[in-house]
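Just so it is clear: chains get the letters A, B, ... in the order the sequence lines come, proteins before strands, and each one is counted from 1.
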2 protein chains.
Amino acid sequence: MSKDKPVENETGAIGTNFMHGLAIDAVIFGFHDHQLKVLLMRYNKTGVVALPGGFIHKIENLNDAANRIVSERTGLQDIYLEQFYVFGDYGRSDPQPMKDILTANGIEHDDDHWLLQRFISIGYYALVDFTKVVPKPDTIFDSCAWYDLTGVPQLMQDHNSIIQKALESLRNDLDNKLIAFNLMQEEFTLGDLQILYETILDKKLLRPAFQRKILGLGILERVAKKWTGGAHKAPYLYRFSKPFL
Amino acid sequence: MSKDKPVENETGAIGTNFMHGLAIDAVIFGFHDHQLKVLLMRYNKTGVVALPGGFIHKIENLNDAANRIVSERTGLQDIYLEQFYVFGDYGRSDPQPMKDILTANGIEHDDDHWLLQRFISIGYYALVDFTKVVPKPDTIFDSCAWYDLTGVPQLMQDHNSIIQKALESLRNDLDNKLIAFNLMQEEFTLGDLQILYETILDKKLLRPAFQRKILGLGILERVAKKWTGGAHKAPYLYRFSKPFL
DNA sequence: TATTATTGTAACATTATGTTACAATAAGGC
DNA sequence: GCCTTATTGTAACATAATGTTACAATAATA
């Protein structure tokens with residue numbers, strides 16, 4: 001089919017064997033301590049904060065690239081990913097932050113280096129189990145950490161609006177696609193799940209209706225033991241039933 | 001911002017001032033005679049049929065490009081467009097049909113011409129008033145015509161699955177986004193509208209429930225005159241009320 | 001003028017969702 | 001140990017949305 005051979009994983013340097021003008025930006029959602037979190041990259045020298053992202057190898061499927069990119073930042077496999085929008089306005093990229101970073105990394109570049117040209121960004125959102133993630137910086141950004149969704153700082157380029165759009169998509173998908181559990185640990189109480197829903201949708205839900213609806217889906221199974229620790233009746237623990245996963 | 005000047009509309013030839021590796025494919029839906037239709041391009045010499053598509057100027061917004069592309073094929077302005085998915089598998093493009101077309105158009109090319117390389121395609125669907133469209137071929141395909149959705153032939157590359165995905169998106173959006181009227185003429189009966197819904201969703205709906213729901217949305221207004229022509233009670237004509245449009 | 005097909009809408013049935021209420025109970029304080 | 005507290009599981013009822021049946025109204029045709 002092609003004369004090219006598969007490219008090795010280019011973790012040590014900014015490779016050149018990528019499609020130009022195209023990038024993937026990932027909004028990686030986690031949930032912890034009653035808060036939605038996003039994983040963000042920071043270039044400490046200039047303080048630039050950005051979404052984790054990456055490029056597409058010339059012989060790599062788009063979804064595979066998204067998987068690889070999120071995998072590299074989280075250390076996880078089999079990640080729930082949803083492609084939600086393409087950000088393609090001319091002028092959305094300010095080349096200056098990238099220029100600074102290239103300079104700081106000692107990478108030779110003139111003004112028409114492909115990394116400084118216009119990019120069209122394909123937005124993916126990922127839902128991960130916060131407790132399982134081991135954030136890893138990349139070659140460009142020297143830190144990688146969780147931020148409360150409500151406390152996201154000013155980001156590079158249009159990344160703030162990418163997060164906004166990802167959140168909207170997540171809200172829409174929540175009822176249709178039954179994906180919230182990707183943000184939970186294996187076992188949880190209905191109360192936990194309700195708090196997650198309330199946090200994502202940013203509104204209070206009535207407990208009886210929520211429980212009836214969720215249990216009515218028939219995708220949860222009770223675990224033998226109950227949760228204990230609170231000064232009140234112990235709630236059941238649930239997990240998602242095997243045939244559903 | 002940039003030294004480049006805006007590019008003239010390149011209708012006479014396949015220009016070079018486009019982003020490489022990126023394309024837009026448009027699924028243009030119409031509705032006529034109780035059938036959903038899609039506008040398709042055909043290269044008569046080899047019989048290749050494909051979705052209308054195009055490229056993105058280096059200084060053009062993505063949505064503007066989609067608008068331009070659909071505008072050029074339909075002759076319409078202010079088109080309802082929805083970006084629905086990006087098709088980015090490696091190996092989705094078979095370069096041969098394009099090679100034949102370039103040759104037939106007398107365009108010099110070797111095997112690594114950018115038009116023969118891998119493309120990532122951004123899928124848009126458009127909803128248009130069938131009766132208003134004047135299909136126009138482009139420089140590559142010498143015919144442009146409506147096809148019944150149920151009678152779409154084998155298309156170039158993965159265009160059949162692009163149509164499939166567009167249809168799924170349209171079905172999902174139908175209830176949420178209230179967009180069906182983009183496929184109707186200005187005035188129509190509730191019966192017409194119901195047939196459209198039934199055709200899109202591919203299932204029968206019960207008339208009283210459908211009418212109650214649609215009228216309950218409060219976005220229709222009755223037109224003074226009624227429709228006549230059938231040997232039965234004349235139905236009211238409706239149009240979408242101004243404040244809604 | 002009767003027939004036919006289809007419309008507009010009422011009425012009722014069923015299901016889904018919103019809301020109130022209350023007994024059950026794990027942990028902590030006394 | 002026993003009472004208090006907070007929260008759970010679930011029943012019961014209220015309201016809203018949707019599914020279904022029924023029927024009078026009427027434009028064209030014979």
Strictly below 4.0 Å, heavy-atom distances to any atom of DNA chain D: list the hits from residues 192-204 of chain A, or just say none. none
Selection from D:dT20, C:dT19, C:dG8 that lies nearest to any side-chain heavy atom of B:P235: C:dG8
Just the rounded figure in Å: distance from [atom2] of [N] to [atom1] of [X].
X      : N      : atom1 : atom2 : result
A:R222 : D:dT8  : CZ    : P     : 13 Å
A:D175 : C:dA16 : CG    : P     : 15 Å
B:L220 : C:dG8  : CG    : C1'   : 15 Å
B:L206 : D:dT18 : CG    : P     : 13 Å
A:F210 : C:dG18 : CZ    : P     : 12 Å
B:L205 : D:dT20 : CG    : C1'   : 14 Å
A:L217 : C:dA16 : CG    : C1'   : 13 Å
B:I214 : C:dT9  : CD1   : C1'   : 16 Å

Would a 4.5 Å heavy-atom cut-off, applied to side chains only, mark B:Q194 and B:L190 as touching? no
Are any of the side-chain nitrogens in [X] or [Y] under 4.0 Å away from the carboxylate oxygens of its partner?
X      : Y      : value
A:D89  : A:R92  : no
A:E198 : A:K204 : yes
B:R118 : A:E60  : no
B:D142 : B:R42  : no

Is the closest side-chain donor-acceptor distance between B:N67 and B:Y124 under 3.5 Å? no
How far does CG of A:L36 sit from CG of A:L127, to the nearest 0.5 angstrom? 9.5 Å
To the nearest 0.5 Å, what is the distance between CG on A:N63 and CD on A:Q83? 6.5 Å
Map A:R212 and B:L215 onto DNA chain C by nearest heavy atom, then report which one ends up closer to the 5' terminus. B:L215
Given that A:K213 and B:L237 both sit by DNA chain C, which one's nearest nucleotide is further toward the 5' end? B:L237
Extract all donor-acceptor atom pairs below 3.5 Å that involve side chains of residues 232-239 of chain A and protein atoms in other chains or at least two apart in sequence.
from	atom 1	to	atom 2	distance (Å)
A:Y236	OH	A:R222	NH1	3.4
A:Y238	OH	A:R222	NE	3.0
A:R239	NE	A:E221	OE2	3.0

Could you encode protein contacts along nucleotides 22-30 of chain D as a string, one character per nucleotide from 5' to 3', using B for base contact, S for sugar-phosphate-only contact and - for no contact, with a heavy-atom cut-off of under 4.0 Å? B--BBBB--
